Every structure is written in C-alpha cells, then in structure tokens.
Amino acid sequence: MNFKPMRLSVFFLPTLKETPAEAQIVSHRLMLRAGMIHQESAGIYSWLPLGIRVLKKIEGIIRAEQDGAGAQEILMPTIQSADIWRESGRYDDYGREMLRITDRHDREMLYGPTNEEMVTGILRDHLRSYRDLPLMLYHIQWKFRDEVRPRFGIMRGREFLMKDCYSFDLDFEGSKRAYNAMFAAYLRTFARLGLKAVPVVADPGAIGGNMSHEFHILAETGESTIFYDAAYDDLDLDMENPDIEALRGIYAAEEEKHDPADCPVPPERLKQAKGIEVGHIFYFGTKYSKSMGLTVTKADGEEITPEMGSYGIGVSRLPAAIIEASHDENGIVWPDSVAPFQVGLVNLKTNDADCLALCEDIYARLENAGIETLYDDRDERPGAKFANMDLIGLPWQLVVGPRGVKAGTVELKRRASGEKEELSLDSALARLIP
RNA sequence: CGGGGCGUGGCGCAGUCUGGUAGCGCACCUGCUUUGGGAGCAGGGGGUCGGAGGUUCGAAUCCUCUCGCCCCGACCA
C-alpha cells in the first residue's frame, strides 16, 4: 500500500479551525477538523481524501493478516435477498435494525448487516466433499445496521465498513484451529495498527454460539465496560508468535459475562475499564450450516454438516479508535503504519526563491524514493502551516525556512514526541528514506 | 424507544423572553504591508433565519404542524 505524494495546494483537505458543534468525542472532532470525513446524515459519512487513505491503510494491514492466517478474500454484495434470511430464521428475529427495502418487482431485499447466510449459501452451492475443507473466506464490505441512536461519528455509524471472515470445518477440532488462527491474526493486526487490544470473554449475543472473544481498545470513550486482570497491563506480547493459550489464561470479561462472585482475580488485581470494541470472533457450530442445509460427504460416504465460526473487525471504526488512543491537544498522532502520509514537507516561505528551490528538490527526491509526502506549498503563514500539520498528525514534519536555508539545515520534527532536530538536508533525508 | 437540547452565510455564535425587515468572529475575494506557531490595514461578496401553515399593518422573534441534527438512558458490533 503506497499512495502518491501530493501538493497541499491541490490536495482536497478541508480542515477546520473550529470544532463543529455536533462532535462530542475527541476522535469525532479531530476527524471532522482534519477533513477526513463529511457527515451525510445520522451515522452515515463520506470519506474525504485524507480519511480514505487511512481507511485503506488499515484495510491493507487487515487483508495481509487475513491472507497470512490462511483466509481467502471474496466480495459479497451489500444488498441481499430476504429469502436466505428466512432460511436461517433471522429475517424476523433481526428486528428494526435491519434496513429492509423492496425492488421494482416488490421482492423483499435488505442492506446486509452481516453475511453468515450469504456465505453459507455460496458454499452450499459449491461444496461437495470433505476434501474442500477446511476453508476460511473473508471480505471487507460495507454493512448497514439501522441503529436507534448512532453516535460518536464514525465510531457508531449506521453504515460501516467491516471485515468479516467465516470458517468452515469438518469438526470441532478444526473449528478450534481456525478460531485460534484468527485469534492470533487479530493480535498481530491490532499490534500493527499501533493498538493494544485486550481480548475479553464476551457474550456472543443474538448471533448465537458458545465460544466468543471481543477485542477491545482501552479508552475513556469506549462504550463497553470490561473487567480484566492487571497482568494485562504489563504484558509484553510477542506479536509475531503470540502465546494464545497463555493469553486466554489471563482473566478478562465483558460486563455481562463478569460475575464478581465467580471471578478468579483477587480484588486488588481486578481492573475495570472502558473499551472500544474493534473485533469479535466466535464459534457457532452448525447454526447456519444446519438451518441452510450445507453438507459435505466424508470419506466413508457419510454426509456431515460443517462447523462454522465468524470473525469480525470494525474497519471503519478503527480510525476513530486509533485517534482515541493516539492524539494530543494539537491534533492526531498517527502511528506510522496507518498514517495517510509519512512526511509533511513544510515550505515556510513560498515566495523565497531559495526556500522554494530547496523544497522542490526535496519533494522530487522524496517522490523518487517512494516516500508518501504531503508538501505544503501554499502561500500561508508559518503558524497556520504548523497548526495544520500538527492537526492532521503525519509522523514526520520536514520544515524548510529561510533561516535554515541560510545555515544549510532543515528541521525534522517527530510528531509523536514533538522532538525537533536541525539537520543537514542529507542526514534528514537519510532518516526518512529507508 | 423514553428524556433533554439545538437548527440564523462555509464554521463558531449573538439576536427570540419584550414582533419593526439580520449582526459579530473566523473563513472567502481584491489591494498593500507582513512571514519560524492559526498576521495587520483598507475595500468587497455571500443568509427566502430548517420547512409548511397561521396570528399581525409587520414574524428569525408569537401559535400549530413537520423535517433534520446532537446529548443522556435503554438497545446494539
């Protein structure tokens, strides 16, 4: 995933100096102020150039880890027929959260809130033999759930982007392997996104099942309450090869699943926190395969019903979760892995011939090196440029001004630490170009 | 779905109680001066006050209905 460098004079970046009145939590405020999103109606947003870059970076990491875990990408439609939901029995169960529509022939359709029925239907049409299993299929697609009360910007939208993966196995042991593979992939995914995610025992909810973990990012603005063993806080996980069994041995539970009378953690080590749910994995056996008649033939000729699990990540929720976890009073602080650009090149004085020539040279060199650079070539005052760069939170700022040009230096600032260094051009570029 | 709040130029707001024909800051456009942390001066453009009815000589302001958005709670990924 590598985006083109851009000049700020042509890049569509409608940043706001003031906070729109409707935004209450910091991620919503900063996403609006940084020109990442534009609200269309309650819980429905357009993604602007800066926002879509971040979203696609996140998608790229999720995709790589899903592929790495052995899942294969597909793409199912957003619009589904009511028929398959009647087969599973969920058409009536789902209630008013489901957006129901009819086409011109009065056929009942719906905007998919999830895809268990659809993926099961695909496999029912194409799976015949036990040799076709195990199988994990995932897609990254927009979903719609008609929330009673959308809120917190993209965090709790009605339309949202979700990665959902579905596993199909011959038996429980196979399902458990799939579950663990996804568990590990999730830990790696969130670590690569710069997040510390806590896997907690969860209530599988209306979707059913009996083995379920949610992945939460600890944040004040989280909507879920979780209880966990303080051991998590000083856990140093090896994300390349996480010890899942050890991790699952550490107590963590969502509020509904937490029973104080039956909690193995001594009170002094039990912590309560708010979490943003960014992932949910669960095993649900044959709930859908059975109701929808998905079977394969085993070696001995017996027909069996595959066991399934599903594994979701709230993709469009993640930019907000990352901002909640990584910002300061001046704006967003993007982790390198999801930053919309790696470097903000700031020309402090565009009408100074030396500044201009040097910036153009640097921009060309960064572009040739494939570094994602946002070049602020606008005729604005230094203060406005600094404030804007801090707001949009690019990991590095390379500042070129008349003072430095005379001295033969540029300033390199690390957004996360605020640390600034006066460096020669070559050593600054050496830091930015791997 | 219960409770509360808000809709006035792109954004943030005042004006509404007490009716008299719309204002401030930022942003935008032009010019000049500025240029290392959201500049100064001068000039300028942009608003059927969410919408529809009603009361009145006259409605952003009063009344009725309606639409939208936000917050708390319940619910949910």
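Hydrogens, waters and symmetry mates are skipped; everything else that's a heavy atom, side chains included, is used. The structure presented is a predicted model; accordingly, all values stated were derived computationally and were not measured. Throughout, protein chains are lettered first and strands after them, A, B, ... in sequence-line order, and every chain is numbered starting at 1.
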Within the 4.0 Å heavy-atom criterion, would you say [X] contacts the bases, only the backbone, or no part of the nucleic acid?
X: A:R33; result: base
X: A:A23; result: nothing
X: A:N351; result: base
X: A:Q39; result: sugar-phosphate
X: A:E18; result: base
X: A:G153; result: nothing
X: A:G404; result: base
X: A:K413; result: base
X: A:S224; result: nothing
X: A:G401; result: base

Could you please name the option among [options] that lies closest to any side-chain atom of [X]?
X: A:P402; options: B:G36, B:C76, B:G37; answer: B:G36
X: A:E22; options: B:A74, B:G37, B:C70; answer: B:C70
X: A:A21; options: B:A77, B:G12, B:C69; answer: B:G12
X: A:V148; options: B:C26, B:A74, B:G36; answer: B:A74
X: A:L348; options: B:G36, B:C1, B:G38; answer: B:G36
X: A:L391; options: B:G38, B:C71, B:A77; answer: B:G38
X: A:E97; options: B:C69, B:C76, B:C26; answer: B:C76
X: A:R149; options: B:C71, B:C75, B:C70; answer: B:C71
X: A:E147; options: B:C76, B:G37, B:G36; answer: B:C76
X: A:R156; options: B:C75, B:C69, B:A77; answer: B:C75

Examine the side chains of [X] and [Y] and answer whether a donor and an acceptor come within less than 3.5 Å of each other.
X: A:Y288; Y: A:R90; value: yes
X: A:S224; Y: A:K274; value: no
X: A:Y111; Y: A:E159; value: yes

Taking a pair as Watson-Crick or G-U wobble with both distances under 3.5 Å, which nucleotide is matched to [N]?
N: B:A14; result: none
N: B:A74; result: none
N: B:A42; result: B:U30
N: B:G58; result: none
N: B:C6; result: B:G68

[atom1] atoms of [N] and [M], separation to the nearest Å:
N: B:G7; M: B:U48; atom1: C1'; result: 16 Å
N: B:C11; M: B:C69; atom1: P; result: 15 Å
N: B:U16; M: B:G68; atom1: P; result: 29 Å
N: B:G25; M: B:G45; atom1: P; result: 16 Å
N: B:G4; M: B:G58; atom1: P; result: 35 Å
N: B:C41; M: B:G51; atom1: P; result: 35 Å
N: B:C70; M: B:C26; atom1: P; result: 29 Å
N: B:A14; M: B:U56; atom1: P; result: 32 Å

Between atom [atom1] in [X] and atom [atom2] in [N], what is the gap in whole Å?
X: A:Y45; N: B:C69; atom1: OH; atom2: P; value: 10 Å
X: A:N388; N: B:C26; atom1: CG; atom2: P; value: 18 Å
X: A:K406; N: B:U35; atom1: NZ; atom2: P; value: 11 Å
X: A:M31; N: B:C11; atom1: CE; atom2: C1'; value: 19 Å
X: A:D376; N: B:G38; atom1: CG; atom2: C1'; value: 12 Å
X: A:D379; N: B:A39; atom1: CG; atom2: P; value: 12 Å
X: A:R151; N: B:C72; atom1: CZ; atom2: P; value: 6 Å
X: A:F152; N: B:C76; atom1: CZ; atom2: P; value: 17 Å

Aromatic rings A:F284 and A:F282: how do their planes relate, parallel, tilted or perpendicular, breaks at 30° and 60°?
-> tilted
Can you label the angle between the A:Y375 ring and the A:Y363 ring as parallel, tilted or perpendicular, going by 30° and 60°?
-> tilted
Counting N and O atoms only, with roles assigned by atom type, does the side chain of A:S326 sit under 3.5 Å from a partner on the main chain of A:I322, one being a donor and the other an acceptor?
-> no
Any sub-3.5 Å donor-acceptor pair from A:K385's side-chain atoms to A:L348's backbone N or O?
-> no
5' precedence on RNA chain B between A:D390 and A:R96 (nearest-nucleotide basis) | A:R96
Start at the 5' end of RNA chain B and walk down; is the nucleotide closest to A:P150 or to A:R317 reached first?
-> A:P150
Using OP1 and OP2 only, check whether a side-chain N or O of [X] sits under 4.0 Å from [N].
X: A:R403; N: B:U35; answer: no
X: A:R381; N: B:A39; answer: yes
X: A:Q24; N: B:C72; answer: no

Side chains of A:L429 and A:I371: closer than 4.5 Å at any heavy-atom pair?
-> no
N/O donor-acceptor pair, side chain A:K420 with base B:G37, under 3.5 angstrom | yes
Measure distances between side-chain N and O atoms of A:E380 and base N and O atoms of B:G38, and say whether any donor-acceptor pair falls under 3.5 Å.
-> no
Face-to-face stacking of A:F386 with B:G36, centres under 5.5 angstrom, angle under 30° | no
Looking at A:D379, A:T350, A:D377, which hits side-chain hydrogen bond (donor to acceptor under 3.5 Å, both in side chains) with A:S9?
-> A:D377
More than 12 heavy atoms of other residues, nucleotides or ligands under 6.0 Å from CD of A:E220: is that the case?
-> no
